[in-house]
There are 2 protein chains.
Amino acid sequence: MASYHHGNLRETLLAEARKQLEKEGIDKLSLRALARTVGVSQTAPYRHFPDKNALMIAMATSGFEELRQYLVARSGASPDLDSALVEVGLAYVDFAKNNTALYKLMFGPALANKESCPELYESAESCIKALQALIQLKLSAPESDETLWYITINAAALIKGHTSMILEGIDNCHPDTGADFDLSKALKVFLSMLP
Amino acid sequence: MASYHHGNLRETLLAEARKQLEKEGIDKLSLRALARTVGVSQTAPYRHFPDKNALMIAMATSGFEELRQYLVARSGASPDLDSALVEVGLAYVDFAKNNTALYKLMFGPALANKESCPELYESAESCIKALQALIQLKLSAPESDETLWYITINAAALIKGHTSMILEGIDNCHPDTGADFDLSKALKVFLSMLP
DNA sequence: GTCTGATGTTACCAACGTCAACATTGTTGA
DNA sequence: TCAACAATGTTGACGTTGGTAACATCAGAC
């Protein structure tokens, strides 16, 4: 027989939410259904999260931590700097593809208001900073510090933009030849343009 | 006295939805509230849209048409090609900033499934193609056709990525000097890297 | 002038987020 | 040891939402 207290409800809810998020999509994610599948009353989640949005923010925050670890792991396993730079881009996109709903949640309405959930912003910005730190390693050319910085942000934007287009299903195949779009080629083309 | 038939419900609903979208955000947008403010019964909208998502798709579609027109207008008013390229990027971001909720809707869950709403994808891709056509004008260098194509997509991704970061409120100010991020400078830096 | 289809209304349903009041449990200090 | 307390879980309810079915009203075609 089940005990009155679940004992681990908060983490169980987060895990089940994460599962449902990827399986059913974000709009089919309801606190009630979550409680039901976990086998607890409909209002029990409110003992661990003030409201539904808090649950979302908790998921998003853990998502940023996962993403950060994934990026450093993938890029760290590369032999040289150039391949590490390509790899971090590929890794970022892979994470988004393998955790599409979570990724959209991370950059979705959850972090709409900066001051309401500062810890979310911290993890988000630290994640980008990690990416930028890696990119900056590449740029030891005799450029001005300001130019270097803009190139770095451009690289980050480039990866984010490719991620968006891929998630949106926009197939950037060649209009004439019909050749498939190859992300790693695109990243290498950008790298070759660096000073 | 009001007549039984509204006469222009579909467009009135779209206009009011657009207004509410920017004012209250997408999650506060309900068909019932819409019908109420328009002064019609709660189920009247279902005579013009099969469900709520159809209303969203209709808004998104018109949004893409607006965006396309805005881009050609802004870029067409530029004196030379280089400034036109910078201008199209600035215009894209401006549109997103001036119509944030609509922009997020356009690239949000509405166009999640490609085959369910092909006309949305058409307008979205035609919009990107227009942007790419302009960019391709710049690239008459003796590069391979494939490289040219990848540079074009990179430019599109760059703009999309900057848009995302700006909408997400990530301030890319310089970590040392604290100088504000300047989008047009970033775009010019990218342009200067082109072959 | 009647018939028909388009449009709007009323009544209803299931599901959701959330709150208040109550029940049960683990813990802690006398 | 045990009573008080805080944490956790349950029950019941309220208001709102998206959506369906049946009915009402109107405009235009024959």
Side-chain angles (χ1 to χ4, degrees), chain A residues 1-60 101 105 108-113 116-117, chain B residues 1-60 101 105 108-113 116-117:
Chain A
M1 110 176 223
S3 65
Y4 187 87
H5 282 96
H6 184 283
N8 203 15
L9 226 200
R10 190 190 150 90
E11 294 172 25
T12 305
L13 281 173
L14 280 175
E16 185 62 30
R18 175 74 172 274
K19 215 181 297 177
Q20 289 288 324
L21 181 64
E22 293 301 333
K23 192 164 65 176
E24 299 288 343
I26 191 168
D27 48 312
K28 297 284 292 179
L29 190 63
S30 86
L31 275 191
R32 292 168 97 103
L34 227 53
R36 243 177 279 131
T37 60
V38 166
V40 92
S41 87
Q42 296 173 339
T43 57
Y46 286 89
R47 297 295 150 186
H48 300 271
F49 304 97
D51 56 11
K52 185 182 180 180
N53 200 46
L55 201 238
M56 301 296 202
I57 290 178
M59 276 202 291
L105 172 67
L111 86 168
N113 35 1
S116 89
C117 44
Chain B
M1 105 177 224
S3 65
Y4 187 87
H5 283 95
H6 183 283
N8 203 14
L9 225 199
R10 190 190 149 92
E11 293 171 26
T12 305
L13 281 172
L14 281 175
E16 184 62 29
R18 176 74 172 273
K19 216 181 299 176
Q20 288 289 325
L21 181 65
E22 292 301 333
K23 191 165 63 178
E24 299 287 344
I26 190 169
D27 48 313
K28 298 283 293 178
L29 189 64
S30 84
L31 274 190
R32 293 169 97 101
L34 227 53
R36 244 177 277 133
T37 59
V38 165
V40 91
S41 87
Q42 296 173 339
T43 56
Y46 288 92
R47 297 293 151 188
H48 299 271
F49 303 96
D51 56 11
K52 185 182 181 180
N53 200 46
L55 199 239
M56 301 298 201
I57 290 178
M59 275 203 292
L105 172 67
L111 87 169
N113 37 2
S116 88
C117 46

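FYI, side chains are in, hydrogens and waters are out, and symmetry mates aren't considered; it's all heavy atoms of this structure. In what follows, chains are A, B, ... by sequence order, proteins preceding strands, each numbered from 1.
- At a threshold of 4.5 Å between non-hydrogen side-chain atoms, the residues A/Leu31 and A/Gln42 do not count as touching.
- Put simply, the side chain of B/Thr37 does not reach to within 4.5 Å of the side chain of B/Arg32, judged on heavy atoms.
- Under the 4.5 Å side-chain criterion, counting only non-hydrogen atoms from C-beta, B/Arg47 is not in contact with B/Leu9.
- Residue B/His48 has a polar side-chain atom (N or O) positioned under 4.0 Å from OP1 or OP2 of C/dG8.
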Collect all protein-nucleotide pairs involving nucleotides 17-21 of chain D in which both atoms are nitrogen or oxygen and the distance is under 3.5 Å.
from: D/dT17; atom 1: OP1; to: B/Ser30; atom 2: OG; distance (Å): 3.4
from: D/dT17; atom 1: OP2; to: B/Arg36; atom 2: NH2; distance (Å): 2.6
from: D/dG18; atom 1: OP1; to: B/Leu31; atom 2: N; distance (Å): 3.3
from: D/dG18; atom 1: OP1; to: B/Lys52; atom 2: NZ; distance (Å): 2.9
from: D/dG18; atom 1: OP2; to: B/Leu31; atom 2: N; distance (Å): 3.1
from: D/dG18; atom 1: OP2; to: B/Arg32; atom 2: N; distance (Å): 3.3
from: D/dG18; atom 1: N7; to: B/Arg32; atom 2: NH1; distance (Å): 2.4
from: D/dG18; atom 1: O6; to: B/Arg32; atom 2: NH1; distance (Å): 3.0
from: D/dG19; atom 1: OP2; to: B/Tyr46; atom 2: OH; distance (Å): 3.3
from: D/dG19; atom 1: OP2; to: B/Lys52; atom 2: N; distance (Å): 2.9
from: D/dG19; atom 1: O6; to: B/Arg32; atom 2: NH1; distance (Å): 3.3

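- In this structure, CG of B/Asp27 is placed 13 Å from P of C/dG17, rounded to the nearest angstrom.
- Between the CZ atom of B/Phe49 and the C1' atom of C/dT7 there is a distance of 14 Å, given to the nearest Å.
- Put simply, the side chain of B/Ile26 reaches to within 4.5 Å of the side chain of B/Met56, judged on heavy atoms.
- By the 4.5 Å heavy-atom criterion applied to side chains, A/Val40 and A/Leu13 are not counted as neighbours.
- Rounded to whole Å, the distance from CD on A/Glu11 to P on D/dT8 is 12 Å.
- Following rounding to the nearest Å, B/Lys28 (NZ) and D/dG15 (C1') show an atom-to-atom distance of 12 Å.
- Regarding A/Leu55, its CG atom lies at a distance of 10 Å from the P atom of C/dT18, rounded to whole Å.
- A 4.5 Å side-chain heavy-atom check between B/Leu14 and B/Phe49 finds at least one atom pair inside the cut-off.
- Between A/Asn8 atom CG and D/dA7 atom C1' there is a gap of 15 Å when expressed in whole angstrom units.
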